[in-house]
**Q** 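Please see the structure below; I have some questions.
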Amino acid sequence: MVWTPMFALPNVQIAMPIEVQHFGLIAATDPRIVELKKKYKNFASYLGQFSTEFGNQVTPSLLMWDDKGPQTYRNTEAISAFRDTIALSITPYAWARNIRFQRPENVRFSDWFNIYPWMIDKNYEHVVMQNSGGLNLHDTKLLKAQTTPGISPEVIRSNEIDDPLLRALLARWEIRFTAEKPEWNDLKLFRAINMANVAGALPSQGDFTPYDEGRALALWASAFEILAHPGDGQSGHLQVYDLLDRADWKSPACQDARHPAMAPTGVRRPRILACAIYSRIHTARNNYLHGNPVSAVQLIIEPYKRYLLDYAPILFRMALAASLDLRFKEAAPNGANEKAIKDYKDREFAFGYSQRTMEAALGTFYMTRHEQNRRSGRVIL
């Protein structure tokens, strides 16, 4: 068994491996990488070249493939899908914690999971870069590798990962990239995640305008429509509504169908909060892409003055949950064994924690700052 580095992710350090059999995102301190560094000095040199734009040294995490695994895991679509899966299991959760607890969460954008374009070659002799602009080969010792400017490298810990979603997506990733003829549901799933990863990038580098938000919302709307696509027809906002309705909503705020949402006259009715939020995203997308006026009223949620864009990743996570039928399916233990019952309830609680955070964040959509402070028990001066 030989593990081969595919790409480096310089902006994140993974505290624990995120992997399936034969493929994973692995920290540079992992024994598999340490062994490669001892064997190939040029590889050790490559890993030691990374720093921030201010010269602070960082150690990247690495997407790695095991040569006992399927060759299909090596293609760029599979590698990107694996990276996208990790990003979508972390960034929406960070957004939800940011909104629910009103505290800073750094890894809210997919830029943290950018792949570095230069990689050690298969013979561990040079660094190579192949992208749409061409193919280049260079001396490793001359490389001045850098993290993505404008974002600070972060350590990803287990409590920052939406574990139920990650496990479900990784299971589907293995199915998708080992199947000779992938099913439509698997094809659209990773196509939607790819679109969401692009949508979830930083909308600007300090030169933010309403157009940046409009463009990002357009990408998010596309990700929703791809995910909701039936395969034998068309996908639009009604199909997205149907998908969101299928999520296993727990809180009354997210269950109650009492919100206005855009729809043709014949099917117009009060809908759940998720559909109402998506209706706003869909309308803003249409106005932006069709060249219609786009106002701050459409892009900013008035009570709290948050951006509509802030809610899109959280809503997409719940659309993924609906698509994957993500719910706690373990049967309750029989008998009166108190420890078994307690352990079962602990597992059920842990499984549902990330979704409770998502729903609590979505539930702030119409709240004022004062209302959210009061509900969270914050002191209001």
Side-chain angles (χ1 to χ4, degrees), residues 1-52 56-76 78-90 106-107 112-129 139-141 143-148 152-174 177-178:
M1 181 186 297
V2 177
W3 285 85
T4 302
M6 297 285 101
F7 286 105
L9 276 64
N11 304 313
V12 291
Q13 294 182 39
I14 299 295
M16 76 305 294
I18 298 176
E19 59 185 318
V20 296
Q21 190 174 23
H22 306 304
F23 199 91
L25 179 64
I26 299 169
T29 53
D30 187 280
R32 290 165 286 188
I33 296 178
V34 171
E35 183 179 342
L36 285 174
K37 287 167 64 178
K38 289 179 180 177
K39 186 175 182 180
Y40 301 105
K41 299 303 181 185
N42 207 39
F43 181 52
S45 176
Y46 170 79
L47 291 177
Q49 298 282 41
F50 285 85
S51 67
T52 68
N56 299 320
Q57 190 169 16
V58 297
T59 305
S61 298
L62 292 164
L63 288 164
M64 302 280 288
W65 171 71
D66 156 26
D67 66 355
K68 298 295 185 184
Q71 288 291 324
T72 50
Y73 285 6
R74 297 188 65 186
N75 71 54
T76 53
I79 295 170
S80 295
F82 195 92
R83 183 274 314 273
D84 297 343
T85 289
I86 294 172
L88 267 294
S89 299
I90 293 172
N106 289 333
V107 188
W112 265 270
F113 301 92
N114 286 350
I115 284 172
Y116 190 70
W118 288 96
M119 189 59 203
I120 202 79
D121 73 358
K122 64 180 181 180
N123 297 318
Y124 297 89
E125 294 175 351
H126 302 90
V127 283
V128 62
M129 179 182 70
D139 186 342
T140 307
K141 294 183 178 60
L143 180 68
K144 303 297 181 185
Q146 189 176 302
T147 57
T148 301
S152 300
E154 294 287 341
V155 176
I156 303 297
R157 298 176 175 84
S158 58
N159 63 352
E160 296 172 306
I161 300 172
D162 186 347
D163 190 63
L165 180 65
L166 177 64
R167 289 175 182 272
L169 288 175
L170 289 179
R172 291 286 287 273
W173 184 88
E174 290 184 279
F177 291 102
T178 54

**Q** Given side chain to side chain contact (heavy atoms under 4.5 Å, CB included), test R83 with L9 step by step and report yes or no.
**A** CA-CA 9 Å; R83 183 274 314 273; L9 276 64; 4.3 Å; yes

**Q** With rounding to the nearest 0.5 Å, note down the distance linking CD in E35 to OH in Y40.
**A** 9.5 Å

**Q** Indicate yes or no for a side-chain donor-acceptor contact from N11 to the backbone of T147 under 3.5 Å, with no hydrogens or angles considered.
**A** no

**Q** Do I33 and L47 make a side-chain contact, defined as non-hydrogen atoms from C-beta onward lying under 4.5 Å apart?
**A** yes

**Q** Do F82 and L170 touch side chain to side chain, with heavy atoms closer than 4.5 Å?
**A** yes

**Q** From N123 CG over to N42 CG, what is the distance, rounded to the nearest 0.5 angstrom?
**A** 11.0 Å

**Q** Report the relative orientation of the aromatic rings in Y73 and W173; use parallel for angles under 30°, tilted for 30 to 60°, perpendicular for over 60°.
**A** tilted

**Q** Centre-to-centre under 6.0 Å for Y116 and F50, is that the case here?
**A** yes

**Q** So, the side chain of T85 versus the backbone of A81: is there a donor-acceptor pair under 3.5 Å, distance only?
**A** yes

**Q** To the nearest 0.5 Å, what is the distance between CZ on R32 and CG on L62?
**A** 11.0 Å

**Q** Which pair of heavy atoms, one from P60 and one from P10, lies closest together, and at what distance?
**A** CB-CA, 3.7 Å

**Q** Can you check whether V12 reaches I90 side chain to side chain, under 4.5 Å on heavy atoms?
**A** no

**Q** Where is the tightest heavy-atom contact between A8 and M119, given as atom of each residue plus distance?
**A** N-SD, 3.8 Å

**Q** State, with a plain yes or no, whether a side-chain heavy atom of Y124 is found less than 4.5 Å away from one of T140.
**A** no

**Q** Using the test side chain to side chain contact (heavy atoms under 4.5 Å, CB included), find all partners of F7 that sit at least two apart in sequence or belong to another chain.
**A** L63, I79, I115

**Q** Using a strict cut-off of less than 4.0 Å between a Lys/Arg side-chain nitrogen and an Asp/Glu carboxylate oxygen, indicate whether K141 and D139 qualify as a salt bridge.
**A** no

**Q** Do T72 side-chain atoms and F177 backbone N/O form a donor-acceptor pair below 3.5 Å?
**A** yes

**Q** Hey, is the main chain of P70 close enough, under 3.5 Å, to the side chain of W65 for a donor-acceptor pair?
**A** yes

**Q** So do M64 and P17 actually touch side chain to side chain, heavy atoms under 4.5 Å?
**A** no

**Q** Please report the closest heavy-atom contact between T29 and V34, naming both atoms and the distance.
**A** O-CG2, 3.6 Å

**Q** For residues S152 and N106, determine if any side-chain heavy atom of one lies less than 4.5 Å from a side-chain heavy atom of the other.
**A** no

**Q** Look up atom OG in S89 and atom CZ in R167, then write down how far apart they are to the nearest 0.5 Å.
**A** 11.0 Å

**Q** Got a donor-acceptor contact below 3.5 angstrom from the D67 side chain to the V2 backbone?
**A** yes

**Q** Would you say that K68 contacts H22 through its side chain, given a criterion of any heavy-atom pair below 4.5 Å between the two side chains?
**A** yes

**Q** Among residues at least two apart in sequence or on other chains, which ones pass salt bridge (Lys or Arg N to Asp or Glu O under 4.0 Å) with D84?
**A** none

**Q** How long is the gap from NZ on K37 to CG on D30, to the nearest 0.5 Å?
**A** 11.0 Å

**Q** Report the distance from atom CD1 of I161 to atom CD1 of I86, rounding to the nearest 0.5 Å.
**A** 8.0 Å

**Q** Is a side-chain N or O of Y46 found less than 3.5 angstrom from the main chain of A145, in a donor-acceptor match?
**A** no

**Q** More than 12 non-hydrogen atoms from neighbouring residues, nucleotides or ligands closer than 6.0 Å to CD on E125, yes or no?
**A** yes

**Q** Hey, are the side chains of E174 and F23 touching, using non-hydrogen atoms and a 4.5 Å cut-off?
**A** no

**Q** Give a yes or no answer on whether the side chain of S61 reaches the backbone of I14 with a donor-acceptor pair at less than 3.5 Å.
**A** yes

**Q** Verify side chain to side chain contact (heavy atoms under 4.5 Å, CB included) between I26 and W3, making sure each step is shown before the conclusion.
**A** CA-CA 11 Å; I26 299 169; W3 285 85; 4.2 Å; yes

